[in-house]
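Comments concern the structure below.
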Amino acid sequence: MDASAIEKKWSTRWADARAFEADPDPKREKRYVTAAFPYPNSPQHIGHARTYTTADIYARYLRLKGYNVLFPMGFHVTGTPILAMAKRIAAKDPDVLGVFDKIYGIPPSQAAKLTEPRALVAHFSAEIEQGMREIGYSIDWRRKFYSYDEKFNRFIQWQFRKLKELGYLVKGEYPIAWCPSDKNAVSAHDTRGDVDPDLDNVTVIKFAVSAGESLVVTTYRPETVYGVTNIWLNPKASYVRAKHGKETLILAEEAAKALDLQLGLAITGKIKAEDVLKMGAKNPMTGETVPVWPASFVQPGVGTGIVMSVPAHAPLDYLALRDLGKEGMRMPQVVSLKGYGAAPAKEAVERLGVKSQDDPKAEEATEEIYTKEAHEGIMHAGEFKGEHVSTAREKIAAKMAKGGSAFPIVTISNGPVQCRCGATVVVNILKDQWFIDYGIPGWKDKAKECLSGMKIIPEKTRSEYLYTIDWLKTRPCTRAAGLGTKFPFDETKMIEALSDSTIYMAYYTIAHLLADVDVAKLDDKFFDYVLLGKGKGDARMKTLRDSFLYWYPVDSRHSAGDLIRNHLTLFIFIHAAILEKRLWPRQIATNGFVLMDGAKMSKSMGNILPLRKAIREYGADIIRFSVVSGAELSTDTDFNRTVADGVRSRLALISRLVDESRKKGPAQHGRIEKWLLSRLNRKIGLADQLYEKLAIRDLSLQIFYDVVSDLQWYAKRSKGGANLHDFFTKWVVLMAPFMPHYAEEYWELLGGKGLVSFAPFPAPDESKVDDTIERGEELIRRVHGDIEKISALIKKKPARVTVYAASEWKRKLYSMAKANPSFEALMKAAAAEKMPMKDVQNVAKQIMKNVHSLALPLSQDEELGALKDAEAFLSAEYSCPVEVLPEEKAKHDKAKSSLPDKPAIVLE
RNA sequence: GCAGGGGUAGCAAAGCCCGGUCAAAUGCACGGGACUUAAGAUCCCGCGGCUUAGUGCCUUCGAAGGUUCAAAUCCUUCCCCCUGCACCA
C-alpha cells in the first residue's frame with residue numbers, strides 16, 4: 001500500500017472512531033496539551049507544522065502512557081491583518097494576488113471571492129484544519145472555535161471585567177502610528193511596502209525669533225544645543241505660523257499638519273521660506289542669535305521640518321555649510337570624543353570622502369559619529385561639562401522643558417511611511433487608551449511564582465521569561481478596529497489580539513458543551529461559577545465546572561520560541577491573576593523555526609512550502625518526522641529534499657521487514673535476533689525519559705536512525721532468515737507518536753489489538769538486555785570492517801581468513817591493571833603470576849594507554865562464541881573460508897598480536 | 001547600548017553542565033570499492049596531515065593565556081555572529 005492510501009485509511013479510521021475526542025473520566029488521570037492556535041490569513045506551511053507536530057507527538061506519547069489526553073484546536077482571528085488583507089484583495093492588489101496565486105495556489109478567480117474578512121477566515125481555517133487532519137494531529141475537533149464567536153466574546157469580556165476588578169486595567173495617553181485619512185491605527189500590514197512605522201521620542205527646541213514667536217527645530221541630540229551655529233530649513237518647502245497655546249510656532253506646513261493631532265496646532269498663516277531665511281533665531285541655552293540658512297537635506301515632513309545646525313558633531317550640518325562655502329566658520333565643540341579632534345563630523349566626512357549633503361555616504365558618516373558620541377562622548381561645553389553624553393542628554397532636555405524652551409514629541413523615525421490608502425502616516429496621541437498594567441509588583445510576583453513552579457523546555461529559555469516578566473509594564477489592550485471582542489468598558493474599541501488569547505485554553509474545556517446554551521446566559525455569574533467556583537449553578541453549569549476542573553490546568557503549552565516575549569508571558573500573567581494557584585499552567589515547550597534549504601521562509605523569497613503541498617509530495621509521516629527530527633527543539637531546523645528522501649528510504653526498509661515478519665513463522669531468536677532485542681529494550685527506558693523531556697532530536701536518532709542502522713546490519717547478518725515480530729510489536733509503539741499512520745498500519749499487519757495510538761507504552765524487558773551479546777556483535781562488526789581495511793591496504797582479496805581470539809591470560813592483565821595502574825606495577829604483578837613476560841610487555845603497553853578508563857573485556861569463550869557465530873556470514877561476505885580459532889591454536893605468528901576485544905586477523 | 005543565545009572538521013549539527021574511553025556522534029556532500037550490461041537504489045571502507053596488514057605519530061574544536069598528570073570540556077581576557085528591545089499577529 002502506498003503512503004497516501006495508508007494515511008487516508010487511518011485518518012478515516014480515527015475520525016470514524018472519534019478516537020481523539022476526549023471526555024472527562026474521573027477514573028483516569030488526565031493530561032491537557034495545547035498549542036498556540038493559528039491565525040487563518042494564509043495556509044499553514046511546514047514551519048507551523050513543527051510546533052503542532054511537537055505538541056501532537058507529546059499528546060500521543062502521553063496517551064501511550066495511559067493518560068486521558070485532550071489536545072484541542074481553534075482559530076485566532078482577532079486583529080487587523082485579516083481585515084487589511086480582505087481590503088487588499090478587494091482592491092485587486094497585485095502583490096497579494098500574486099502571493100495567493102504563486103505560493104498558496106489560489107487563482108485570482110477564486111481569490112476574488114475572498115473580499116470579506118469572514119470569507120477569508122472560512123477559507124483559510126478550513127484549509128488549515130484539513131491540513132491538520134491530513135498530517136494526523138490527534139485533535140478533538142468538537143471544541144473548535146473562532147475568537148470572534150459570540151460566546152467566546154462573552155468569555156473574554158468576563159476576563160477583562162476580572163482584570164478591572166483586580167485593578168489591573170488603567171487608562172492613559174498613548175502615541176500610535178495613525179492614518180489621518182482612514183482615521184485608524186496603522187501597523188506594518190496597513191502600509192505600502194509593509195513598513196512597520198517606528199515611533200521615536202524626539203525633542204523640539206524653540207529658537208525665539210520675536211516675542212511669543214519661535215522657530216521650532218527637532219533633534220535627537222538636545223545636548224548639542226550648545227554648539228548651534230545656525231538653523232537649517234529647506235528653501236523649497238512651505239512654512240506656516242501655527243498657534244500652540246498662547247505661543248506661535250514657525251514650522252514646515254507638512255510638519256504642522258502631521259503634528260496637529262499630537263499638539264493641537266491652529267495654523268494662522270503661511271510664511272515663505274525666503275522670509276524665514278531672513279530671521280535671526282535665539283538659542284535658548286546660549287542666548288546667542290544665529291542666522292537661518294537653506295539646506296536641501298532638510299525634509300519638511302520629518303519632525304518640525306526645521307533643524308538646528310551643529311557642524312562640529314553632525315556630518316550633514318557640516319556638509320551643508322561646506323556646500324554654502326562657509327566651511328571656514330567657527331564650529332563650537334560640544335562633545336569630546338576619544339580619537340577625534342574638536343570637529344568629529346568634519347573628520348568623518350573628510351575621511352569617508354563625502355561629496356555633499358546629497359551624497360548617500362553622508363548617512364554613513366552620520367551613523368558613525370552619532371553612535372560613537374552617544375556611547376563614548378563626554379560633554380565638552382555647557383553646565384554638564386565632563387558628564388557622559390548618554391546621561392547629560394536627558395538632563396539637558398528636561399532642563400529646557402522645565403524652562404519652557406523645549407518639549408517632547410513623537411515622530412516616525414523611519415518616515416515618511418505611506419498608508420495603503422496613499423496618505424502619509426502620522427503620530428496620534430490617543431487620550432483614552434486602555435492598558436493592562438503588568439507593572440503592578442504583587443502581580444509580577446505571582447507571575448514569577450507561577451513560572452518557578454513550571455517546567456520550561458528548553459530550560460535555558462527560563463531567563464527569557466523572567467526578563468520579560470520584569471520588563472512588562474503597561475501594555476495597550478484595545479485597538480480602534482479589528483475582528484474579535486468588543487472592549488467591555490468602551491464598546492467602540494476592540495480588544496487587542498494578544499490580550500484576548502491568554503487564557504483561552506480554559507474555553508476549550510467547555511466550548512463544545514456551550515452549543516445549546518443561550519448566549520445571553522453567558523454572563524459574569526456564569527463564568528464566575530464555571531471557572532472560579534463562585535456562587536451557585538444549575539446542573540448544566542455543574543457539568544461545565546466539572547469539565548473545566550477535570551482538564552485544567554494546562555499540562556503542556558506549545559509554541560515557537562518567538563512568543564516567549566509576548567504571548568507566553570502574558571499567558572503566565574493572566575493565569576496567575578485570575579485563576580487559583582492549583583490551576584496555573586504546568587509546562588511550556590518552545591521550538592525554533594523550520595528553514596527551507598537553509599533559508600528562512602518568506603513570501604518575498606517565494607520559498608514557502610505549504611503544508612498540504614508538502615504532504616502530497618512526501619507523505620504525512622515523512623513530513624512530521626522531517627520537521628521535528630533535524631535539530632534540537634530550541635534551534636532552527638532545516639527542511640530539504642535529502643532529509644525527506646532519507647526518511648522515506650529508511651521507512652521503505654522497515655516496511656519490507658515488517659511485511660516479512662508478518663509472513664514468516666515463529667521467531668528464531670538466534671544470536672542476531674537477541675542482539676536486536678537487547679538493543680531495543682535498552683532504548684525503551686531511555687526513550688521514555690526522552691519523550692518526557694521532549695528531547696525530540698535525540699529520540700529520533702535513538703528510535704529511528706539508530707534502529708534503522710541496526711536493522712540494516714541485521715538484514716546483512718541474518719541473510720533474510722528470521723521473524724522480527726517481537727521486535728516490531730514493541731518498536732512500532734515507540735515510534736507511533738512520530739509516524740502514527742505507518743505505525744497503525746504496521747500494528748494491524750502484526751496483529752496488534754485495537755489502535756496503536758492507544759496501545760500501552762512498551763515496558764523495557766531487562767532480561768532481554770544482554771551486554772555480552774551486544775559487545776560480541778560490536779566485535780563482529782569491527783572484525784568485518786578490519787578485514788575490509790586490510791584487504792584494501794594489501795590490495796588483495798583474501799583466499800582464506802583466520803581470526804584469533806586472544807588468550808585468557810591477556811584478559812586477566814586487564815583486571816590486574818585496575819589494581820596496578822602503572823606499567824611497572826603491572827609488570828611486577830604479572831611476573832608474580834608467572835606470565836610469559838615478553839608478551840606481557842606488549843599487552844601492558846597497550847593497556848597503559850587508557851588505563852584510566854579501562855573497560856574489562858569479554859572472556860575468550862565469549863569472543864569465540866560471537867565470532868564463530870559469524871563465521872558463515874563473514875565467509876559469505878568475502879567469498880572465502882573464514883575460520884575462528886583461539887590464539888593457542890595459532891598457525892601463524894600474527895596470532896600473538898591478538899588482544900582482548902581485538903582479535904588477530906590473518907589474510908592469506 | 002541593554003538583555004539573551006551562539007562560535008566544533010566541506011556543510012548542518014551533537015559533545016561542554018559531571019575533564020580522561022574525543023581526530024570528536026549523526027546526517028548530507030565528497031572519494032574508493034562491492035553489486036549491476038549500465039544508471040539508480042542498496043551495502044562496505046575512507047573523508048585534518050603523515051604513516052601502517054586492521055596501526056602509530058603529529059596538529060586541531062573562535063583567539064590568547066591559566067588550572068591539571070590530562071581540556072573541545074574548568075577559569076580569565078579578547079574577537080566575532082545571531083535574536084529581542086514592545087503593543088505587532
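Letters A, B, ... are given to chains in the order of the sequence lines, protein chains preceding strands, and every chain is numbered from 1. Since the model is a prediction, treat every value here as computed from it, not as a measurement.
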Salt-bridge test for A/Arg781 and A/Glu777: reply yes if a basic N is under 4.0 Å from a carboxylate O, no otherwise.
-> no

B/G27 and B/G33: how far apart are their P atoms, nearest whole angstrom?
-> 22 Å

B/C88 OP1/OP2 closer than 4.0 Å to side-chain N/O of A/Arg479 | yes

Taking atom C1' in both B/C35 and B/G40, what distance in whole Å separates the two?
-> 12 Å

N or O in side chain of A/Lys789 less than 4.0 angstrom from B/G46 OP1/OP2 | yes

Per salt bridge (charged side-chain N to carboxylate O under 4.0 Å, His left out), A/Glu863 is matched among A/Arg782, A/Lys810, A/Arg811 by A/Arg811

Would you indicate what A/Arg781 reaches in the nucleic acid, counting non-hydrogen atoms under 4.0 angstrom: base, sugar-phosphate, or nothing?
-> nothing

With the side chain of A/Lys716 defined as its heavy atoms from C-beta on, choose the nearest nucleotide among B/G54, B/C87, B/C44.
-> B/C44

Which nucleotide, in any strand shown, forms a Watson-Crick or G-U wobble pair with B/A12, with both distances under 3.5 Å?
-> B/U26

If you measure from the P atom in B/U77 to the same atom in B/C22, how many Å do you get, rounded?
-> 32 Å

Integer-rounded Å distance: B/C88 P and A/Phe435 CZ = 11 Å

So what does A/Pro903 touch, heavy atoms closer than 4.0 Å: a base, only the sugar-phosphate, or nothing?
-> base

From CD of A/Glu778 across to P of B/U21 the rounded distance in Å is 17 Å

Contact class for A/Leu498 (heavy atom, under 4.0 Å): base, sugar-phosphate, or nothing?
-> base

Indicate, with a heavy-atom threshold strictly under 4.0 Å, whether A/Asp562 touches base, sugar-phosphate, or nothing.
-> nothing

From the options A/Phe75, A/Phe152, A/Phe37, select the one residue that forms a ring pair (Phe, Tyr, Trp, His ring centres under 6.0 Å) with A/Tyr504.
-> A/Phe37

Watson-Crick or G-U counterpart of B/C18, or none if no pair lies under 3.5 Å | none

Distance only, no hydrogens: is a donor on one side chain within 3.5 Å (strictly under) of an acceptor on the other, for A/Asp500 and A/Thr485?
-> no

Could you tell me whether A/Pro476 contacts a base, only the sugar-phosphate backbone, or nothing, with contacts defined as non-hydrogen atoms closer than 4.0 Å?
-> base

Under-3.5 Å N/O pairs linking protein and nucleotides 49-52 of chain B:
none

Looking at A/Ser649, does any N or O in its side chain come under 4.0 Å of the phosphate oxygens OP1/OP2 on B/U42?
-> yes

What's the closest nucleotide to the A/Arg697 side chain, out of B/A53, B/A3, B/A25?
-> B/A25

Rounded to the nearest Å, what distance is computed from the CD1 atom of residue A/Ile564 to the C1' atom of nucleotide B/U83?
-> 11 Å

Proximity to the side chain of A/Glu632 - top-ranked nucleotide from B/C87, B/A89, B/A14 | B/A14

Quick one: label A/Ala497 by what it contacts on the DNA or RNA (base, sugar-phosphate, nothing), any heavy atom closer than 4.0 Å.
-> sugar-phosphate

For B/U55 versus B/A70, give the span between their P atoms, rounded off to a whole number of Å.
-> 27 Å

At under 4.0 Å between heavy atoms, what does A/Arg565 touch on the DNA or RNA strands: base, sugar-phosphate, or nothing?
-> sugar-phosphate

Do A/Ser499 and A/Glu496 meet the criterion of a side-chain donor-acceptor pair at a distance under 3.5 Å?
-> yes

Under a 4.0 Å N-O cut-off, is there an ion pair linking A/Asp597 with A/Arg641?
-> no

What distance, rounded to whole Å, do you find between the two C1' atoms, one in B/A63 and one in B/U52?
-> 35 Å

Contact class for A/Thr78 (heavy atom, under 4.0 Å): base, sugar-phosphate, or nothing?
-> sugar-phosphate

Distance-only donor-acceptor check, side chains A/Ser125 and A/Tyr146, under 3.5 Å = yes

If we call it a pair only when both distances are under 3.5 Å in a Watson-Crick or G-U wobble match, what pairs with B/G31?
-> B/C45

When you measure from the side chain of A/Tyr467, which nucleotide among B/A3, B/C43, B/G54 comes out closest?
-> B/A3

May I have the distance from A/Leu199 (atom CG) to B/C85 (atom C1'), rounded to whole angstrom?
-> 14 Å

Of the nucleotides B/A86, B/U26, B/C44, which one has an atom closest to the side chain of A/Glu788?
-> B/C44

Among B/G54, B/C87, B/C44, the nucleotide that comes nearest once only the side chain of A/His784 is considered = B/C44

Counting any heavy atom closer than 4.0 Å, what does A/Leu907 reach on the DNA or RNA strands: base, sugar-phosphate only, or nothing?
-> base

Please state how far atom CD1 in A/Ile696 lies from atom P in B/A14, giving the value in whole angstrom units.
-> 15 Å

Paired with B/U59: which nucleotide, if any, by Watson-Crick or G-U wobble criteria at under 3.5 Å for both distances?
-> none

Using the P atom in both, what is the distance from B/A71 to B/C61, to the nearest Å?
-> 12 Å

With a 4.5 Å heavy-atom cut-off, do A/Arg648 and A/Leu651 have their side chains touching?
-> no

Using the closest heavy atom to pick a nucleotide of RNA chain B for each, name whichever of A/Asp706 or A/Lys460 lands nearer the 5' end.
-> A/Lys460

Could you tell me which nucleotide pairs with B/U83 by Watson-Crick or G-U wobble geometry, both distances under 3.5 Å, or answer none if nothing does?
-> B/A3

Pair A/Lys493 + A/Asp432: basic N to acidic O under 4.0 Å = yes

Presence of salt bridge, A/Asp771 and A/Arg682, under 4.0 angstrom | yes

Taking atom P in both B/C11 and B/G62, what distance in whole Å separates the two?
-> 13 Å

How long is the line joining OH of A/Tyr705 and P of B/U26, in whole Å?
-> 13 Å

Atom P, compared across B/A89 and B/C75: separation rounded to whole Å = 43 Å

Choosing from B/U42, B/A89, B/U26, which nucleotide comes nearest the side chain of A/Leu563?
-> B/A89

Atom-to-atom span, NZ of A/Lys796 to P of B/G54 - whole angstrom = 15 Å

5' priority, RNA chain B, between A/Gly646 and A/Ala631 [closest heavy atom] = A/Ala631

Using 4.0 Å as the upper bound for N to carboxylate O, is an ion pair formed by A/Lys395 and A/Glu223?
-> no

What integer distance in Å separates A/Glu464:CD from B/G4:C1'?
-> 6 Å

Selection from B/C28, B/G84, B/A89 that lies nearest to any side-chain heavy atom of A/Thr642 | B/C28

